[in-house]
Asks: 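Once you've had a glance at the structure underneath, I'll fire off some questions.
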Protein chains: 2
Amino acid sequence: MPFTYEYPHPAVATDIAVFTLRRGALNVLLIERAAEPFRGAWALPGGFLQPDEELDACAQRELREETSVDADLLVHFGNFSAPGRDPRERVISVAYLALLASDELRIAADTDAAQARWFPIDGLPELAFDHATILRRALEALGSRARQISPLFALLPPRFTLSQLQGAYEAVIGEEVEKRNFRKMVANLECVRETDDFVHGAHRPARLYEPA
Amino acid sequence: MPFTYEYPHPAVATDIAVFTLRRGALNVLLIERAAEPFRGAWALPGGFLQPDEELDACAQRELREETSVDADLLVHFGNFSAPGRDPRERVISVAYLALLASDELRIAADTDAAQARWFPIDGLPELAFDHATILRRALEALGSRARQISPLFALLPPRFTLSQLQGAYEAVIGEEVEKRNFRKMVANLECVRETDDFVHGAHRPARLYEPA
DNA sequence: CTGCTAAGTGTGAATCCGACACTAAGTTAG
DNA sequence: CTAACTTAGTGTCGGATTCACACTTAGCAG
């Protein structure tokens, strides 16, 4: 480790896998690239680190610029540093995952994107760069975090029914669980508090809960 | 995300928290800095990313250069990007933790280090840069990984007794566990295989085990 | 040969996990 | 008005896992 660092510095960027629930299915936000390389291909939103900006702040800023919302959950889950992963120059990508409640999405394509769209995770297009790898790792990280339940609140409105919570859990985990067992698990995790209000739908009203 | 990236690139480095067991206690490898800034202070080993080098490879190379061994376990656990964390220039630090069996240590101070030494984790000196923060986070990450037992093999010789394994577990977790329960847990994790050999010490010989 | 010390095993209580079926309370259609 | 439908919500039992307890075993040392 020489005192003077004579090697060229790589570029550093954040990429964000933004997830939401739409009609019960897990969706991810992709942008269509407006410029070369990979012009016309779909990619994860992201952008370069600015001077004197922290990595977390960079991810948050990029996300706000792309969706005009602040993420309720924004966590780092890995770095991607393969030489040549960006044909322009060396780019180290710091990858984050973010969760959004589906009713707070204002997708706005920015200058680098022709359009921005949600895709269900089982119907993805080809992705630019190594973003397919990044997204696969994001899904793994999300799955293991979701077992603590509380990260899921970010996918739901401020108050929600237990059926909604279970739906989010199943969509993220990728498998179904018994209703009774799920409720028992939530009960002794003590991460939700019941309210006095009910939501009236097509059938028996469901009690609303909120994060504890 | 403009096509041309006009911002200055930050430097990118890896820092490695190398842990081992010495006389039953968890120790971490520190180097004494030979140059400014923080000349004379203790710091985690680490160094700058080279062109066309992956981050994992950088951590492995730096570790080999500092200790002349290959780590049995080398995992990324976080990035540190606070502006000003290095007074020379902007440096993004990609942090790894590594585990070594205590009998394979050949510590060799390199050009940037006056000396390299093991410190027990409850007797640490003041650390340079933000390395105290990095080390704290490393210990948390190590603690949660160690619950799967198998990472601990990296701290032990190729064949070991269950008492050694339990000692490593307790040192990393930071609390004591019941002997009988620990053995039951190891048994149905099915991560070790018993051998036909015993180690003869001061008292009743102990059976040797190896990773399954 | 006796005593010390670390290795290794058994057991019972409490708790958690998973599969089972039923009751409750609204809406809607006839 | 009422009957049928659909989703919300609860009880229970057996098996497995967790945890705290105490005893036996085997080699070494004096």
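Order of the sequence lines fixes the chain letters, A, B, ..., with proteins taken first and strands second; residue numbering starts at 1 for each chain.
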Asks: Taking donor-acceptor contacts at under 3.5 Å, does the side chain of A:R204 reach the base of D:dA8?
Replies: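 Under the 3.5 Å cut-off, the side chain and the base do form a donor-acceptor pair.
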Asks: Could you tell me whether the phosphate oxygens of D:dA8, OP1 or OP2, come under 4.0 Å of any side-chain nitrogen or oxygen in A:R207?
Replies: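 Indeed not, no polar side-chain atom of A:R207 lies that close.
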Asks: To the nearest angstrom, how far is B:E178 atom CD from C:dT9 atom P?
Replies: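 Interatomic distance, CD of B:E178 to P of C:dT9: 16 Å.
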Asks: Is any N or O donor-acceptor pair between the side chain of B:R180 and the base of C:dG10 shorter than 3.5 Å?
Replies: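 Looking at the base of C:dG10, it does pair with a donor or acceptor on the side chain of B:R180 (distance under 3.5 Å).
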Asks: Could you tell me how far apart A:N188 (CG) and D:dT10 (P) are, to the nearest whole angstrom?
Replies: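 Value for this atom pair: 14 Å.
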Asks: Can you find an N or O donor on one side and an acceptor on the other, under 3.5 Å apart, linking the side chain of B:K184 with the base of C:dG10?
Replies: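 Flag unset: no donor-acceptor pair detected.
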Asks: Nearest whole angstrom, please: distance from the P of D:dT7 to the CZ of A:F160.
Replies: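 In whole Å, D:dT7 P lies 21 Å from A:F160 CZ.
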Asks: Classify B:S163 by what it touches in the nucleic acid, base, sugar-phosphate, or nothing, heavy-atom distance under 4.0 Å.
Replies: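 Sugar-phosphate contact only - B:S163 comes under 4.0 Å of backbone atoms but never of a base.
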Asks: What's the CD1-P distance between A:I173 and C:dG18, to the nearest Å?
Replies: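 These atoms are roughly 12 Å apart.
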Asks: Can you measure B:K179 atom NZ to C:dG10 atom P for me and round it to whole angstrom units?
Replies: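 So the NZ-P distance, B:K179 to C:dG10, works out to 14 Å.
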Asks: What's the separation between atom OG1 in A:T161 and atom OH in A:Y209, rounded to the nearest 0.5 Å?
Replies: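 Output value for this atom pair is 9.5 Å.
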Asks: Can you name the closest pair of heavy atoms from B:P45 and B:E66 and give their distance?
Replies: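 The pair with the smallest heavy-atom distance is CB-CD, 3.7 Å.
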Asks: Could you state the NE2-P distance from A:H203 to D:dA4, rounded to the nearest angstrom?
Replies: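 Checked: the NE2 to P distance equals 16 Å.
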Asks: Without swapping roles, check the side chain of A:R145 against the backbone of A:L152 for a donor-acceptor pair under 3.5 Å.
Replies: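 No: the side chain of A:R145 does not pair with the backbone of A:L152.
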Asks: Starting at the 5' end of DNA chain C, which residue's closest nucleotide do you reach first, A:A202 or B:L208?
Replies: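 Taking each residue's closest nucleotide, the earlier one in sequence belongs to B:L208.
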Asks: Using atom CZ of B:F182 as one end and atom P of C:dT9 as the other, report the distance to the nearest whole Å.
Replies: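 Value for this atom pair: 14 Å.
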Asks: Rounded to the nearest angstrom, tell me the gap between atom CD in B:Q164 and atom P in C:dA6.
Replies: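 Distance check: B:Q164 CD to C:dA6 P gives 14 Å.
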Asks: To the closest 0.5 Å, what do you measure between CG (B:L162) and NZ (B:K179)?
Replies: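 Reported to 0.5 Å precision, the distance equals 10.5 Å.
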Asks: Quick one: do A:E65 and A:R61 make a salt bridge, cutoff under 4.0 Å?
Replies: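 Salt bridge between A:E65 and A:R61, a charged N being under 4.0 Å from a carboxylate O: yes.
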